[in-house]
Structure formats: structure tokens, C-alpha cells
Q: 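Have a look at this one before I ask anything.
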Amino acid sequence: MTDSSPEIRDLSHAKDMIVCDGVNKWYGDFQALKDVTATVKEREVVVVLGPSGSGKSTWIRCINRLEVHQKGVIIVDGVELSSDVRNIEKIRSEVGMVFQQFNLFPHLTVMDNITLAPKWVRKMPRVEAEDKAMALLERVGIPEQADKFPGQMSGGQQQRVAIARALAMEPRIMLFDEPTSALDPEMIKEVLDVMIGLAESGMTMMVVTHEMGFAKEVADRIIFMEDGELVEVGTPEHFFTNPTEDRTKLFLSQIL
Amino acid sequence: MLGFIFSPDRRWEAPATNLRLLMTKAYPTEQYARIWFSLGTLLVLAGLSLAAWRAAPRTTYRKLAGKFTGYGAAVIVVGLLAPFSAGATLAYLAVGAVPLVGGLMTLRLLDNHDERDMSTLLVSVLVVAAGLVVLWTVPLGQHTFVKGTAYARPGTVALTTKLPLSVMLGVMVAAFYVGSFVRERFKSLKAALALLWLLSPFILTMIVLRDPAFDSAHLISTDIPIGLAFGIGGGLLLWLLTSAKAGEAGRAVSVLLLVAALASFLTPMRMVVRIDALMLAALALGAATFAGSLESRLRYIGGWIGVLAIVNWIITATNTPSTVFGMPTGTFFGGGLTLTLMLTSFTVIFAFPIGILMALARTSKMPIFRVMSTAYIEAIRGIPLITVFMFFAIMLPLLLPDGMSVAQVPSIVIGYTLFSAAYLAENVRGGLQSVNRGQHEAAEALGMSTAQKTLLITLPQALRVSIPPLVGQAIGTFKESSLVLIVGLFDLLFIARNVIPNTSDFLGTSRENLLVASVIYWIGSYSMSKASQRVERKVGLGER
């Protein structure tokens, strides 16, 4: 697969990985999500754009239930999110999440950060978990950092470890919540490269980001959100060259 | 201050001769081997631990020379400031000049970048050896040359003290060497040492306290059946409650059990039964969280049996006449520093898990835990420590049902533990709150259960942050244990202030004794503080 021009992939027959139907969420009187309805197919890369406060992060956090939606249905890999504890844990171990602030565990080494969940949640033997962690660290390009603590690494390296940590659980879906927003400009590329590689390997991804270049190059579909609503959904080509909605045009004129 | 220390009116032989009284109160002389054995055990542990956790194994000549210079200067300053006769001042100056000049000369000889070093091990051994030589050769005692009067009261250290002490220090050095040797080969040395330190108060108490015939009949007829009944019955109950089908009915059963356990305190009943029931109720309430795989259910039941075994052992040890704590109320003959150390170590060891549980309960999502722990913490923090001591020493025996008694020291330990646990809980809660929300989210996003999240992510970080306040509290516990004099226990301070100065030979020597007692308290507190700094460095507090 080439990493230049976005390939048009036919995903119409792919299985639905994430289905959201009429999802609503309120914080007190403030409505953060308004009837969000969307479907993400298997192997699809969906980039969510929108001004800050538009509900992008809230939405993807609802998908692995870090936030609880009050109305509507979310189905992840065929399992509907409900308040049943085991249900949630099952979904969370299928869905990897990468955070804006990395959220690595500062008291553990890089190796322990990556192997902790496989060992305790997946009950994987230690040796196997460590072999796998080393392979993942090589994949994200920092195998030599295995014995360091997160505080001793740069932001870009930390975020790559965070991606490796999420991948160690062998998730079927990866959610990225502004993965490059807390990074210095010169480190953004190293993280984006890892994400591009991941997309090419066929991972189902939902990415909230402000990186337009990434969106153009990698996304199968772009979803534009504002005020908790999905304003416009389309291919990158459609979105950047020929948007239909006025709000999208305004947003694009402000950032491009 | 120096004038006070070196005055001819001072009678330093008072604390010196009565050192045994300060350390152990009237411990029978013929049994003193037990005390030496306990001290030896502690020193061996200390030697091994120093080797295992050794931070800087080598020190440079420059640092050593600098230290010598400092010590020499200190002696000279004392000589100049103290109200000595000219001759005595000169003597002090001469004694101080040797290390001062020697140190300065060495510093001059070595250039600034001299990196030659020697192992700190060797230095410590040399210091210990020098101390022993002084102990055996120099006629220790009180020598003062105050203006006008030459004053000397030589005294020798009794053979029964210096011989065992020398042996013990030798053993400690040997332990250090063994520790350094074993360190590389035996990976779990630190874990083993930590466990031994944890167990040492229990074992040493057993050794120090006289242990007459053990009342095994009571144990077999009462304590073991109760423990077994709760172990099996409780295990079955938890097995049912952790099943996926328990649901609301399970929760109702748990609440009923809690009410029954609380109600049992109103009716005459064995304390063991009440406490066991209360613990079972608490675990039953938490059972739903652990429902799931066969393995996690079995582990939960294993946890119940473990906690039950430990708690019942403690209750048995505390309650049964003629076991380790078996002195009938009021006739506890240990005292002095031994008592102070016992109170401190038991209180800290017991308060630690209780405090952590309280802190977790107070930050829990379940209202019943939160309300109970908040009520407890706020109630205890509103009571002065003296009141707690008085309540547990005087009121508790009156409130206990017929036929049940708790000796004074264990009952004080219970009170002190409950008191410290409340404060400890607040320190840990501070740590828990300092853990970033993102940490919880990351753990949850990886599919960890609440228990895994707490034990693997939140608690380790919280405890790391809480090390300084927790050690501060341990030091406080050590010093504040002196308040037990209010209920007539003979701890270190009480013996220094009231016992020695009232013996016919040493009337009115309370000032000397108090100064010595404060030095002992200072040594204890300072070493805890030092150990804490070491631990903080080890876990990289403030660095990552």
C-alpha cells in the first residue's frame, strides 16, 4: 500500500464496528451531544474535526464509556453499551484509547506500562507480554527506551509509548483523542507517522485531531462537528474542496 | 547549655547507671538474655538492610577529610565555649586539633579533582571498631575540669553490658557483610527483609514478654471453632454473593448482615464473633465488584480467609490470658524504651492497612462506605489522644462483657491504632486525590477492573506522594506514645522524669535523665527521617 494519495477503499461490505444511533448527552443543562448518529466500518479511518467545545472528545469518550450518554444507542463490535460492569470491561479491552495528555503511569517503566494490562486483564504470561511489548516498541520506533520511566522521555516518545500500550491489548478499534495537541511541533510528525502506519495495517480508527494534513492523507471519511451535532460527513476530497454546509466553510476558512 | 552539661552538679551517672531502667523498666536480670537476643535480631536486620538498600557504596577521601575537619572543629568550639579551666580548655583544643589539622592537611594534599575513594562499608566498620576500643579501654565516666576544680567521677561500663554490646555490634557488621555478599545472588532479599521487619515486632514481643503455659484448651474449644465457622460459612456466603446471579438479593443480604453485625455489639457476645461478622459484612458488600470469573471469586474468598486468620490471631493473642500479651491487667512489667518501641511499631503496623482502607472507603463511589468512614474519621479526629488513652485503659475493661478482659497494653495499642488510622487515612486520601484523573481514565480504557485500577495504579502513586506525611506521622506516633504516662504505663519519658529521680541514690536528677531521654527520642526520630529520605530518593519522588 502506498502512503501518498489516499486510496479509495471500498468499505461498503465491511462489518459495522461502531454504531451510534441518536446519542444524546447532557452536562446539567448543557447539551454536549445532540442526536449523534453515525457508523464506523471495520478497517475504516474516521477523522472527527470541529472547533473546540464542539463535543468531539465527549463523543469518542462515550464510545468506550469514559463518559456515559443518557439517550440513544451505542453498539461497539456488536455489543451494546449498558451499565453492566462486565459488558463495559469487555468493550474497553476491545477498544484502545490514546489521550491528549498521554496518561502513562508515571510510577512504572515503559515496559511495565505496556505489559501491565495484558498481564492483569488478559492474564498473559509475563514473558509473552514482554516479548510482545518489545515488538510493539520496535513498531513505534523506541525499543531502546524500555527501561526508562515516562518522566524521562520527550512528549513524542511518551505518546508513542501510549500507542504501544493501547495496542498491547490487541484492540479491534483505536480511538485517538487529540493525540498531538500537547506536543511540540517537531514531535508531531513522529506520532503521526506511527498513526499512519497503524491505519495502513487495517486498524479501525477514530481520530479527533486538528492535523488537517493527517486528515487529508489518511482519513476514509471526515466528520465535522459543531455544538454537539454532526454538521457534515464526507470523504476528505469532498470535505476540503467542496463542502456543502456554511458552517464547514466558515471553519475551513478559519483554519486553512 | 554547655554550662549545664559540664557543671559539677550534674550527675550523669544517674541515666548511665539506670540505663536498663530507661530501656526496659524492671525486666528480670536473669531473663536479660532475651532482651539482648531481641536487640541482636534488630541489629542483624539493620545490618542486612543497610547492605540491601545501600545507596552510595563508596565515599571519596576528600569527603572523609572534610568530615574529620568538621568533627575536630566541633570539639574545639565546645572547648572554647564551655566554662572550663584553662587546662581543660587546652586539653579540648588539643583533642580537637588532631582531626582538624589532619583533615585540613589531607584536603591540601589532595587536589580538587582527586577521585580516590574507599568503601563506606570499611569506614563504618572502622568507626564501630573505634567505638568498641573506647568502650573497653577508656575509663568512661564523668570527667570535667570546670574553672577552679578538677572534677572526675570515673566509672566503668559493666561487663554484662559491654560484652553483649560488643558481640552484637560485631554481629551487625557481620550481617552487613553477609548482606552485601548475598545482595547480588538473592534477588528477593529486599522483599524478604521487608517481611522480616514487619514480623519482627510480633516475634520479638513474644520473645521479650514472658510466656507462661499457653492456654491451648481455650484455643481448641473456642477460638479455633469460631475461626473455622466463619472461614467456612463466610467463604460459602461470599461464593454465593460473588456469583453473577446474586444481584439485588445479594445486596439485600449484605445489608442485613451489616445490620446484624452492628446489632451484635448491643448484645452480650464474644468480641471475636462481632468483629468477624463485621468484616464479613464489609466483604459481602464489596462482593458484587468481584463477581466474575471463577479465579477472581476464589481469590476474593482467599482474601477473606487470610484477613480472618490474621485478625483472629491478633484477637486471640490480645484476649487469651497467658498468651503473648498474657499479663493480667496492670501487671505488665515491660517498660521504658521497649514499651515505647512496642507501642509505636504495633500502632504503625496495624494503623497502616486500616488507614488505607479508610481512605479508599472515603473516596469510594459506594455511599455506605463513604459515610461510615467519614463518620469514623471525623469522630476520632475530634477526640484528644489523651482521652483515647484514658478511654481504652479505664473505660474499655468496664464496658466489656463478663469474662472478657483485655490487658492494658494491648488495649492501649488498639486505641492508639484506631486513633492513628484516622489521621493516616487523611494523609493517604490526600495522596489519592493528587492522582490525576487521566490516570483513572487510562486504567479504565485498558479494561482494568476497579480493584486492579486501585491496587496497580492509584494506590502506588498515592502512597508514593504520601511518604513524607506518613513518615511524619510515624515520628509523631513514636513521640506521642509518651502520653501513655497518663494512664500509668512506664514508658521511656515516665521513667526518666518520675522513676529514676525518685530512687534514693539519684534524687532530683530529672534534668539529666530528661536530656538523655530527649536524645534517645531524637535518635529514633532522626533515623526514621533519614530512612524516609532514602525511600523518597529510591522511588524518585519529585523527579518523575
Side-chain angles (χ1 to χ4, degrees), chain A residues 57 60-61 63-68 84-110 112-123 148-153 158 161-162 165-171 173-177 182, chain B residues 242-248 250-251 286-299 365-366 431-432 434-467 535-536 538-544:
Chain A
S57 290
I60 76 163
R61 288 159 62 84
I63 291 170
N64 69 350
R65 217 174 170 81
L66 288 178
E67 306 276 354
V68 179
D84 187 336
V85 180
R86 273 163 301 158
N87 195 345
I88 295 166
E89 279 168 17
K90 182 174 183 319
I91 286 166
R92 280 176 177 160
S93 56
E94 297 289 322
V95 180
M97 176 116 184
V98 174
F99 299 87
Q100 183 177 1
Q101 298 296 340
F102 330 134
N103 293 344
L104 292 178
F105 305 130
H107 61 302
L108 300 175
T109 61
V110 165
D112 290 336
N113 260 282
I114 300 176
T115 55
L116 191 71
K119 279 194 297 199
W120 289 88
V121 180
R122 288 252 190 267
K123 316 284 181 204
K148 282 199 181 169
F149 285 91
Q152 302 164 323
M153 306 169 75
Q158 289 191 49
V161 172
R165 179 178 70 178
L167 289 176
M169 290 295 284
E170 296 176 339
I173 301 167
M174 286 284 282
L175 305 176
F176 293 83
D177 187 3
Chain B
T242 48
S243 91
K245 283 173 265 153
E248 285 308 307
R251 188 148 296 176
T289 323
F290 290 83
S293 69
L294 178 72
E295 196 188 341
S296 71
R297 287 168 79 182
L298 284 177
R299 206 180 298 146
K365 281 187 207 127
M366 287 178 143
L432 283 171
S434 79
V435 176
N436 196 321
R437 217 177 101 82
Q439 294 290 314
H440 293 264
E441 291 180 351
E444 284 166 17
L446 287 166
M448 291 189 192
S449 66
T450 311
Q452 287 170 339
K453 186 180 76 176
T454 306
L455 289 176
L456 299 170
I457 307 297
T458 332
L459 208 50
Q461 293 188 51
L463 290 181
R464 210 167 65 139
V465 175
S466 325
I467 291 171
V535 175
E536 280 167 41
K538 206 83 190 170
V539 300
L541 197 64
E543 284 166 34
R544 50 173 198 248

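A, B, ... follow the sequence lines: proteins, then strands. Residue 1 opens every chain.
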Q: Return yes when atom CZ of B:Arg251 has more than 12 non-hydrogen atoms of other residues, nucleotides or ligands closer than 6.0 Å, and no otherwise.
A: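 Counting other residues, nucleotides and ligands, CZ of B:Arg251 stays at 12 neighbours or fewer.
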
Q: Indicate the atoms forming the closest heavy-atom contact of B:Met448 with B:Ile457, along with that distance.
A: SD-CG1, 4.1 Å

Q: Give, as side chain, backbone, both or neither, the part of A:Leu104 having an atom under 4.5 angstrom from any heavy atom of chain B.
A: backbone

Q: Could you tell me which residues satisfy salt bridge (Lys or Arg N to Asp or Glu O under 4.0 Å) with B:Glu444, sequence neighbours excluded, listed by chain and number?
A: A:Arg92, B:Lys453

Q: Under 4.5 Å from any heavy atom of chain B, what part of A:Phe105 do you find: side chain, backbone, both or neither?
A: both

Q: What is the minimum heavy-atom distance between A:Leu66 and B:Ala445, and which atoms define it?
A: CD2-N, 4.5 Å

Q: So which part of A:Arg65 gets closer than 4.5 Å to some heavy atom of chain B, the side chain, the backbone, both or neither?
A: neither

